[in-house]
Number of protein chains: 2
Amino acid sequence: MTETDSLPERKRGSGVKMVYDLLRDEILDLKIAPGSPIDEVQLAERFKMSRTPIREALVRLAGEGLIETLPNRSTMVSNIDFMNLHTFFDALVLMYRVTTRLAAQSHRPEDLAVIRGFHEDYAAALSARNHIAMIATNAAFHAAIAEAGRNPYFTGLFRRLLDEGRRILQLYYQSYDEHFPQRFVDEHAAIIAAIEARDIEEADRLGKAHAEAIVAQVQKLFSRNDRLDIAL
Amino acid sequence: MTETDSLPERKRGSGVKMVYDLLRDEILDLKIAPGSPIDEVQLAERFKMSRTPIREALVRLAGEGLIETLPNRSTMVSNIDFMNLHTFFDALVLMYRVTTRLAAQSHRPEDLAVIRGFHEDYAAALSARNHIAMIATNAAFHAAIAEAGRNPYFTGLFRRLLDEGRRILQLYYQSYDEHFPQRFVDEHAAIIAAIEARDIEEADRLGKAHAEAIVAQVQKLFSRNDRLDIAL
DNA sequence: TGTATTTTTCTTGTCGACAAATAAAATGCA
DNA sequence: TGCATTTTATTTGTCGACAAGAAAAATACA
């Protein structure tokens with residue numbers, strides 16, 4: 001796997017960010033399975049740098065709860081907490097509602113252009129049956145709505161939740177294999193309309209319904225496999 | 001300042017946590033002013049360890065937004081974002097409401113004992129006019145309520161908000177100098193009663209009112225000093 | 001004297017090496 | 001063979017040193 005550039009010239013300080021970003025994506029896209037061991041030395045030689053910057057990237061990931069560190073022993077990708085899935089979804093639904101409300105209330109015209117952009121990206125990703133792009137653009141779409149609500153704290157919290165949810169959605173989408181429902185695209189369109197009309201209650205209602213529809217399907221999926229895949 | 005233990009025997013891995021905890025408290029209790037520079041070398045000799053574990057602690061703090069790092073140049077304690085205070089308070093009020101509601105809904109008898117314990121600690125700290133203890137016990141009180149709601153995600157988010165708010169509350173309490181209002185204690189008692197009665201709507205209402213009362217007073221304080229202390 | 005350029009200084013970022021801690025393997029013993 | 005104990009191996013945590021980058025100081029030049 002020679003996926004690092006050949007020239008050893010690297011800008012001072014860029015290594016940490018590169019390793020962090022890459023590992024983060026690999027974890028959230030399930031390219032590295034939950035529970036997988038992470039070896040500092042291996043990463044160091046893979047990226048052709050010392051263990052120090054690798055370690056810094058790992059400390060950051062641990063701070064976000066994406067990896068877990070057993071003192072003096074090993075570090076591994078965090079497991080998905082299937083036991084408490086519903087608590088995660090409760091938080092997600094709440095944030096969907098709050099951000100959609102705020103967007104309906106405080107958005108500016110230029111925000112809608114950004115939101116529509118991601119909306120189209122999502123539709124395109126769905127047509128192309130590209131799991132990873134669907135998840136990324138869906139998150140970008142909702143994050144853009146949160147941004148339009150103009151509350152940095154909510155936006156920050158929401159982004160964290162969306163990222164955490166990437167792994168779960170990944171499993172969900174993988175189970176489809178074919179034929180994604182067009183419904184999500186339509187719901188997104190309806191949410192945009194409500195925001196543009198500054199109809200706060202309608203936006204809230206749609207955000208809630210949208211989130212709960214997703215939650216219901218994910219829950220249904222996992223209630224089937226609960227006992228089988230408990231390790232993954 | 002010889003505040004580190006004399007024996008050089010330190011358990012492997014404990015240094016990072018110690019530095020992290022200590023710096024964190026010093027920052028949140030405003031013992032280190034926002035904007036203050038942080039010198040790795042200085043910390044290293046203060047704690048009699050190498051820069052490596054110091055650095056790891058700083059990376060963690062940076063991950064929480066408590067310090068900011070200028071690439072290749074310097075690192076300093078983050079400034080309090082006075083411009084966006086209201087967005088922080090909106091988030092805080094929401095979390096007060098949500099956690100109080102959930103506690104009223106899902107608490108178990110043993111939770112109430114814990115909550116009451118912190119309630120009494122808070123009352124004692126208020127009588128003793130101990131700013132720092134008041135803030136700590138107040139946060140512990142509300143965190144205990146969140147725990148009783150049995151949603152780890154909400155609890156985690158809420159704790160982060162409460163910690164972030166410690167610096168603001170610190171300024172707020174410092175402005176009192178004397179004579180703290182008994183009202184907060186009474187409001188806490190009312191919240192406990194509503195939770196115990198499992199009266200969700202009342203708990204929500206009280207949580208909202210409690211948060212908004214604090215917010216209103218803090219806002220009033222800062223609208224006075226806004227232009228003066230903008231640097232701090 | 002005032003400005004541009006070089007030099008110095010100071011802090012961070014990275015490295016290679018070593019020590020501690022734990023798990024795994026090997027050994028001893030009944 | 002089965003179990004306890006010692007030895008080895010592997011991985012993490014820590015260290016001291018050095019190099020890069022940027023600001024501050026010093027110098028050159030008009």
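Each chain gets a letter, A, B and so on, in the order the sequences are listed, and its residues count up from 1.
With the nearest nucleotide of DNA chain C identified for both B:Arg12 and A:Gly15, A:Gly15 has the one nearer the 5' end. Both A:Ile38 and A:Thr52 lie near DNA chain D, and the one whose nearest nucleotide falls closer to the 5' end is A:Ile38.
A:Glu56 comes within 4.0 angstrom of nothing in the nucleic acid, heavy atoms only.
To the nearest angstrom, C1' of D:dT12 lies 14 Å from CD1 of A:Ile54.
By the 4.0 Å N-to-carboxylate-O rule, B:Asp111 lies close enough to B:Arg150 to be salt-bridged with it. Using a cutoff of 4.0 Å between basic side-chain nitrogens and carboxylate oxygens, B:Asp25 and B:Arg166 are scored as salt-bridged.
With ring centers used as reference points, B:Phe88 lies under 6.0 Å from A:Tyr153. If you look at B:Phe158 and B:Tyr96, their ring centroids are closer than 6.0 Å.
Between the side chains of B:Asn151 and A:His86, no donor-acceptor pair is found at a separation under 3.5 Å.
From the 5' end on, the contacts that DNA chain C makes with chain A at under 4.0 Å to a non-hydrogen atom open and close at C:dT12 to C:dA23.
A:Leu23 pairs with exactly one of A:Ile54, A:Leu28, A:Ile32 by the side-chain contact (heavy atoms from CB on, under 4.5 Å) rule, that one being A:Ile32. If you run salt bridge (charged side-chain N to carboxylate O under 4.0 Å, His left out) between A:Glu64 and each of A:Arg24, A:Arg160, A:Arg159, only A:Arg24 comes through.
Counting all heavy atoms, side chain and backbone alike, B:Leu162 lies closest to B:Ala139 at CD1-O, 3.7 Å.
Less than 4.0 Å separates DNA chain D from at least one heavy atom of each of the following residues of residues 64-75 of chain A: A:Asn72, A:Arg73, A:Thr75.
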